[in-house]
Visitor: 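Here you go, one structure.
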Amino acid sequence: FTRVDNTNLQDPSAFHKGEYASVNLLYTPAKNIMFGGEILWGKRTDHDGASGDDWRFQFSVKYSFGTQINL
């Protein structure tokens, strides 16, 4: 959450408030593979009260080749 104290001299479309949230889940079914997804949500509100929000989705897969060296 971010909020700006705007002045009356600022443009009506100036940034006033932002909100953001995300959730991700990762799963490792085997030692060398991991996969998961993430959902992100954000909202912007301007100085004049206009607002909009957005959703984003992401999916990832990781596969580790070879052996790992632990230091």
Side-chain angles (χ1 to χ4, degrees):
F1 181 83
T2 302
R3 184 181 170 142
V4 175
D5 290 329
N6 300 98
T7 66
N8 292 334
L9 300 176
Q10 286 184 276
D11 190 69
S13 64
F15 178 88
H16 175 64
K17 182 171 64 172
E19 299 168 75
Y20 177 89
S22 67
V23 173
N24 66 39
L25 297 171
L26 300 173
Y27 178 60
T28 307
K31 185 176 180 180
N32 60 342
I33 190 165
M34 178 180 69
F35 62 90
E38 182 173 34
I39 299 172
L40 299 98
W41 170 83
K43 181 177 181 179
R44 175 190 167 126
T45 303
D46 293 338
H47 181 47
D48 64 0
S51 66
D53 61 351
D54 188 31
W55 289 89
R56 295 181 185 189
F57 303 94
Q58 175 178 303
F59 184 77
S60 300
V61 175
K62 175 186 170 186
Y63 182 80
S64 299
F65 296 93
T67 60
Q68 295 180 340
I69 300 172
N70 295 322
L71 301 176

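Start at 1 with the first residue, then count along the sequence. All values below come from the heavy atoms of this structure, side chains included, with hydrogens, waters and symmetry mates left out.
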Visitor: Please tell me whether Val61 and Tyr27 are part of a single hydrophobic cluster in this structure, the criterion being side-chain heavy atoms less than 4.5 Å apart.
Guide: yes
Visitor: For the side chain of Asp11 and the backbone of Ser13, is there at least one donor-acceptor N/O pair under 3.5 Å apart?
Guide: yes
Visitor: What's the shortest heavy-atom distance between Ile33 and Thr28, and which atoms?
Guide: O-CG2, 3.2 Å
Visitor: Is there a side-chain contact between Arg44 and Lys17, using heavy atoms and a 4.5 Å cut-off?
Guide: no
Visitor: Indicate the atoms forming the closest heavy-atom contact of Phe35 with Pro29, along with that distance.
Guide: CE2-CG, 3.7 Å
Visitor: Please report the interatomic distance OG(Ser51) to NE2(His16), rounded to the nearest 0.5 Å.
Guide: 11.0 Å
Visitor: Once you round to the nearest 0.5 Å, how far does CG of Asp5 lie from NE2 of His47?
Guide: 10.5 Å
Visitor: Grouping I, L, V, M, F, W and Y whenever their side-chain heavy atoms are under 4.5 Å apart, do Ile39 and Leu25 come out in a common cluster?
Guide: no
Visitor: Check for a donor-acceptor pair, side chain of Asn6 on one end and backbone N or O of Phe15 on the other, with a separation under 3.5 Å.
Guide: yes
Visitor: Any idea which heavy atoms bring Leu40 and Ser22 closest together, and the distance?
Guide: CG-CB, 4.0 Å
Visitor: Where does the angle between the aromatic ring planes of Trp55 and Phe57 fall among parallel (under 30°), tilted (30 to 60°) and perpendicular (over 60°)?
Guide: parallel
